[in-house]
Visitor: 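Just dropping this structure here.
Chain A is the first sequence line, chain B the second, and so forth, proteins listed ahead of strands; every chain is numbered from 1.
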2 protein chains.
Amino acid sequence: MAIKERKERERQDMRNLIIDSATQLFLKQGYDKTSIRTIAEDIEYSPATIYLYFKDKDEIFYVIHENAFAILDKQFRKHDAIENPFDRLIAVCKTYVKFAMDNPDYYDLMFIMRAPLSQIKSEEKWDAGECAFEYVLDTIAACLDANLIKPVDKYVLAISVWSFGHGLVSLYVRERLSVMEMPDDMMLTMMESSVNFFLENLRV
Amino acid sequence: MAIKERKERERQDMRNLIIDSATQLFLKQGYDKTSIRTIAEDIEYSPATIYLYFKDKDEIFYVIHENAFAILDKQFRKHDAIENPFDRLIAVCKTYVKFAMDNPDYYDLMFIMRAPLSQIKSEEKWDAGECAFEYVLDTIAACLDANLIKPVDKYVLAISVWSFGHGLVSLYVRERLSVMEMPDDMMLTMMESSVNFFLENLRV
DNA sequence: AAATATAATAAACAGTGTTTAGTAAAAAAG
DNA sequence: CTTTTTTACTAAACACTGTTTATTATATTT
């Protein structure tokens with residue numbers, strides 16, 4: 001029964017077609033403006049067809065969410081070659097910030113939006129996200145082992161580093177830093193100083 | 001022409017009626033589930049009437065947004081009595097975190113959601129928000145003047161402190177810290193340790 | 001009392017996510 | 001090879017959303 005396998009393959013192809021279209025539209029117009037109907041129009045199928053391949057809109061964006069984490073995780077692991085764990089931590093932090101600034105819509109889906117989280121709760125698998133987080137955690141643990149940073153619980157430090165980075169970029173992408181009434185290039189310089197200040201403060 | 005004044009008073013009353021209803025519904029069900037129609041139903045007017053008093057849904061939530069900042073600002077200024085500026089900074093940070101945890105929907109509107117910002121851009125007045133931010137900025141400046149914390153540009157430090165606090169609470173309220181797979185009470189302890197670690201690290 | 005201005009609304013518009021019922025085409029069974 | 005069954009798809013509808021328009025009833029002014 002090779003037919004069953006072909007059908008399964010065709011099913012995956014269709015899922016990929018939907019995801020690819022959704023991703024492209026999402027990165028162009030954002031989540032809210034990417035409706036099931038616009039995706040359907042783009043792939044030249046009826047809106048109802050999409051529901052034969054995905055439970056709901058959130059499931060589609062959960063897949064995109066996972067893909068985005070895989071991209072970030074890959075960028076993190078490019079720093080494997082850096083021997084000194086604190087230098088690696090610095091590189092990872094800067095990569096995190098750069099990723100957010102370069103891909104604000106992905107960042108939204110990954111760390112700000114409530115939407116695709118409904119999927120996670122049920123399945124309890126945050127795969128790519130956990131992977132990226134563990135990379136940071138391991139790097140922090142290595143820093144602590146090598147006495148490169150002030151002694152503190154590694155989870156506390158992980159929360160601290162992540163919170164700092166996330167706070168910085170999410171205030172920026174959601175335009176809250178505009179209270180400071182600063183030209184954008186000056187703001188970006190300030191943000192970089194802020195990252196450096198935070199990281200240097202961790203040193204023993 | 002006392003009629004004109006009465007009319008203006010009635011207009012304000014109606015605006016308040018709408019805002020009060022919207023606020024109550026918003027704090028109970030969140031932004032998305034608070035529709036113009038549910039507000040209209042609650043105040044026993046037709047949906048179209050609301051548009052005679054507010055340009056759009058965002059304008060309503062911009063008023064709530066301002067009120068929320070006024071509440072936060074008031075809570076900040078309760079710490080005026082604290083003489084030592086660094087102690088004051090610590091108190092302000094803890095108040096910020098507590099405010100977010102106690103009022104996640106307000107916090108959403110103030111610091112996370114994109115919705116009510118459309119209003120701000122046009123009018124360029126962030127009144128209550130600027131006020132609260134300046135309180136933090138002044139406290140930080142006082143810390144620096146008194147040589148209580150490591151020397152650094154006050155704006156850089158303000159961004160750092162705010163980013164850290166915002167990152168921490170927004171990752172929590174948007175359930176991203178769940179990757180750590182920790183019981184909630186443990187998470188809250190970790191978060192408090194994280195705040196303490198961050199603030200103590202600022203000391204000279 | 002008549003003319004005008006104001007306040008409120010019913011109904012519609014254009015959009016959303018999602019479901020249901022019905023139709024062709026493909027696969028399996030006789 | 002024909003008949004039955006399963007699969008893939010879609011048109012249309014449902015229940016919402018924010019917002020606008022045309023109309024009516026009320027209040028104010030002339």
Side-chain angles (χ1 to χ4, degrees), chain A residues 1-19 21-22 25-26 28-65 109 113-119 122, chain B residues 1-19 21-22 25-26 28-65 109 113-119 122:
Chain A
M1 284 291 130
I3 288 174
K4 239 182 189 170
E5 284 153 30
R6 196 205 69 211
K7 289 258 162 132
E8 179 53 36
R9 221 164 46 231
E10 284 175 350
R11 195 184 154 73
Q12 268 307 324
D13 287 348
M14 190 62 166
R15 276 181 67 100
N16 290 338
L17 184 69
I18 293 166
I19 291 295
S21 166
L25 289 167
F26 165 69
K28 198 181 289 172
Q29 329 176 317
Y31 181 86
D32 285 335
K33 284 187 179 168
T34 305
S35 68
I36 297 294
R37 280 174 178 82
T38 61
I39 298 169
E41 176 119 346
D42 186 54
I43 61 172
E44 297 176 302
Y45 280 84
S46 82
T49 300
I50 291 176
Y51 286 89
L52 299 175
Y53 296 89
F54 293 93
K55 189 183 146 283
D56 54 25
K57 193 183 175 186
D58 284 355
E59 198 190 317
I60 297 174
F61 281 88
Y62 174 64
V63 176
I64 298 176
H65 174 275
L109 209 57
M113 285 184 53
R114 250 192 270 265
L117 263 72
S118 52
Q119 301 299 320
S122 53
Chain B
M1 283 292 131
I3 287 175
K4 238 182 190 169
E5 285 155 29
R6 196 204 69 210
K7 288 258 161 136
E8 180 51 36
R9 222 163 46 229
E10 282 175 350
R11 196 183 153 74
Q12 267 308 323
D13 287 349
M14 191 63 166
R15 275 181 68 99
N16 290 338
L17 183 70
I18 294 166
I19 291 295
S21 166
L25 288 168
F26 164 69
K28 199 181 288 173
Q29 329 176 317
Y31 181 86
D32 286 334
K33 285 188 179 167
T34 306
S35 69
I36 297 292
R37 280 174 178 81
T38 61
I39 299 169
E41 175 119 348
D42 186 54
I43 61 172
E44 298 177 300
Y45 280 85
S46 83
T49 300
I50 292 175
Y51 286 88
L52 300 175
Y53 295 89
F54 293 93
K55 189 182 144 284
D56 55 26
K57 192 184 173 184
D58 283 356
E59 199 191 317
I60 296 173
F61 281 88
Y62 173 64
V63 176
I64 298 176
H65 174 273
L109 208 58
M113 284 184 54
R114 250 192 270 266
L117 263 72
S118 53
Q119 300 299 320
S122 54

Visitor: Report the distance from atom CG of A:Leu25 to atom C1' of C:dT16, rounded to the nearest whole Å.
Guide: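 In whole Å, C:dT16 C1' and A:Leu25 CG are 16 Å from each other.
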Visitor: When all nucleic acid strands are considered with a 4.0 Å heavy-atom cut-off, which category describes B:Asp32: base, sugar-phosphate, or nothing?
Guide: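 No contact.
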Visitor: Relative to the 5' end of DNA chain C, which residue comes earlier, A:Lys7 or A:Ser35, by the nucleotide with the nearest heavy atom?
Guide: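 Its nucleotide being nearer the 5' end, the pick is A:Ser35.
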Visitor: Below 4.0 angstrom, N of the basic side chain to O of the carboxylate: do B:Arg6 and B:Glu10 qualify?
Guide: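 B:Glu10 and B:Arg6: salt-bridged.
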Visitor: Can you find an N or O donor on one side and an acceptor on the other, under 3.5 Å apart, linking the side chain of A:Arg37 with the base of C:dG15?
Guide: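 Check fails, no donor-acceptor contact within cut-off.
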Visitor: Identify, residue by residue, the members of residues 39-53 of chain B with a heavy atom below 4.0 Å from DNA chain D, and return them in order of residue number, or none.
Guide: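 Residues of residues 39-53 of chain B under 4.0 Å from DNA chain D: B:Ala48, B:Tyr51.
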Visitor: Can you give me the closest heavy-atom contact between A:Ile39 and A:Ile50, atom names plus distance?
Guide: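 Taking every non-hydrogen atom into account, CG2-CD1, 3.8 Å.
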Visitor: Return the residues of residues 11-19 of chain B meeting this criterion: a heavy atom under 4.0 Å from some atom of DNA chain D. Order them by number, or give none.
Guide: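 By residue number: none to list.
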Visitor: Separation of A:Arg9 atom CZ from D:dA8 atom P, in whole Å?
Guide: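 From A:Arg9 CZ to D:dA8 P: 14 Å.
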Visitor: Within this structure, what is the OH-to-P distance between B:Tyr31 and D:dT17, rounded to whole angstrom?
Guide: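 Whole-Å distance recorded here is 13 Å.
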Visitor: Under a 4.0 Å N-O cut-off, is there an ion pair linking B:Glu59 with B:Arg15?
Guide: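 Salt bridge flag = yes for B:Arg15 with B:Glu59.
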Visitor: Any side-chain to backbone donor/acceptor pair from A:Lys57 onto A:Thr34? Under 3.5 Å, distance only.
Guide: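 Answer holds: yes.
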Visitor: For DNA chain D, whose closest nucleotide is more 5', that of A:Glu10 or that of B:Lys33?
Guide: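 With A:Glu10 and B:Lys33 compared, the 5'-side residue is A:Glu10.
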